[in-house]
Amino acid sequence: MAKLIFPDHFTWGAATSSYQIEGAPAADGKGESIWDRFTHTPGNIWNGENGDLACNHYHLYPDDVQLMADLGLQSYRFSISWPRIFPAGGGKPNQKGMDFYRRLVDLLLQHGIKPAVTLYHWDLPQALQDNGGWANRDTARYFEHYAAYVFENLDLPVDLWVTLNEPWVSAFLGHALGVHAPGENDFSKALRVSHHLLLAHGLAVRSFRESGRKNEPIGITLNLAPVHPASDSDADKNQARRADGFMNRWFLDPVFTGTYPRDMVEIFSRSFEMPVIIEEDGAIISSPVDFLGVNNYTRIVVRAGSSDDDFMGSPVNPPDAEYTEMGWEIYPQGIYELLIRLHNEYQPPKLYITENGAAFADEVNEFGEINDSQRIDYLQAYIREAWNALQEGVPLEGYYAWSLLDNFEWSFGYSRRFGLVYVDFSTLQRIPKNSAYWYRDLISRNGLEV
Ligand code: FCB
């Protein structure tokens with residue numbers, strides 16, 4: 001049996017997000033978010049479900065922190081719900097909302113668990129949506145204001161700050177494909193939204209540098225996946241390059257170089273209205289970050305579409321592969337490929353895997369246990385590839401499993417379980433799955449036994 005030991009300072013954690021676990025949509029003065037609105041609009045979510053109760057983490061957070069401590073988690077990545085802090089997006093802050101996160105962070109610190117705070121995991125205040133949402137450039141300024149308020153008022157040590165989670169998903173699933181809030185189908189608008197999200201990120205980083213917070217790293221989390229051609233044909237290879245431009249480079253390039261990828265600008269501008277970009281935007285967006293957060297679950301395989309302007313192509317599911325309940329291919333070597341590429345091409349000072357995990361149809365057996373061996377295999381294979389990347393000199397600093405708890409999986413409602421911990425949604429009882437105990441052991445030996 002080989003032991004793959006990680007560096008001493010490596011951080012092991014688990015991640016969640018506000019809308020997916022908190023519940024309490026109107027508690028203590030919280031304002032409505034676009035996800036509150038979207039889930040309450042019929043037809044959007046599997047089985048008509050919503051996050052009104054979710055895991056009720058807003059009220060059960062002390063139990064959840066205890067659970068994290070029992071599992072030996074070294075860090076916990078969660079997100080702050082913007083409309084808890086600014087119910088109307090801007091204007092008057094809601095002290096009670098801030099107090100909730102202060103209590104949470106305080107309790108984490110008491111248990112020696114490092115807080116990793118995401119400022120935006122998709123729950124925009126509905127009041128800002130009513131004003132045009134992310135398609136309105138002003139929203140970036142509102143975000144800057146909200147971020148600055150949190151930097152000042154969450155006056156406890158934070159280990160990692162993430163400005164935005166997966167802006168690609170907010171922009172395109174929310175505004176072009178319409179499957180996420182706010183549920184729009186307008187690609188030109190989605191491009192504009194992507195620009196304003198990037199601007200919001202850059203403005204928040206700038207404001208962080210001007211804040212009193214020192215020695216705490218700030219970065220952004222992107223959903224990234226290797227894109228492979230379905231065959232060796234030139235058409236498929238070119239398709240893969242375009243799909244990579246759309247999925248990965250459209251956000252990586254501006255964050256690290258201040259410009260959008262030229263090939264994609266050409267393609268997009270032939271069919272869509274391009275965002276208005278002001279001269280200073282590139283410099284704001286590429287304000288130096290301390291790390292890049294990588295969310296990776298799978299890879300993408302594409303076959304050439306109908307024209308050279310097709311930037312998505314036809315997705316292909318390789319026949320002999322294994323798939324999770326999301327229909328995502330299990331492709332562990334993809335995370336290695338991705339980490340090496342990011343290190344070589346973009347050179348972020350540090351990298352974190354801020355999300356990785358798998359949904360399976362978990363069941364509680366007659367002994368009250370959840371034997372999720374497929375999840376253990378998945379995590380082990382991906383973590384092993386992360387270790388391989390470390391051996392190649394990639395400055396990977398930590399790994400966060402998605403997710404701590406089974407939770408509200410967006411348009412899939414409660415039908416997809418990603419947790420290390422099982423949640424019975426009728427009683428809200430939490431039961432650690434076997435993967436949670438496996439992860440606890442991995443953390444205690446700081447490595448894998450394979
Ligand atoms: C990511 C999201 C996270 C969760 C996982 C499965 O795209 O950041 O909230 O939905 O996928």
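Remember, it's a predicted structure, so these values are computed and weren't measured experimentally. Order of appearance sets the numbers: ligands from 1, and atoms from 1 within every ligand.
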- Sub-6.0 Å ring centroid separation between W12 and F10: yes
- side chain to side chain donor-acceptor pair (under 3.5 Å): pairs with one or both residues in residues 316-330, sequence neighbours excluded: R299-E329
- Of all heavy-atom pairs between D406 and G419, which one has the smallest distance, and what is that distance? OD1-N, 2.8 Å
- List for me each residue that meets salt bridge (Lys or Arg N to Asp or Glu O under 4.0 Å) alongside D236, sequence neighbours excluded, and say none if there are none. none
- Query: If you count the non-hydrogen atoms of other residues, nucleotides and ligands that lie under 6.0 Å from CZ in R440, is the total more than 12?
  - Reply: yes
- Test ring-ring contact (aromatic ring centres under 6.0 Å, His included) applied to H343 - qualifying residues, sequence neighbours left out: none
- Item | Those protein residues which place at least one heavy atom below 4.0 Å from ligand 1 | Q20, H121, W122, N165, E166, N295, Y297, E355, W402, E409, W410, F418
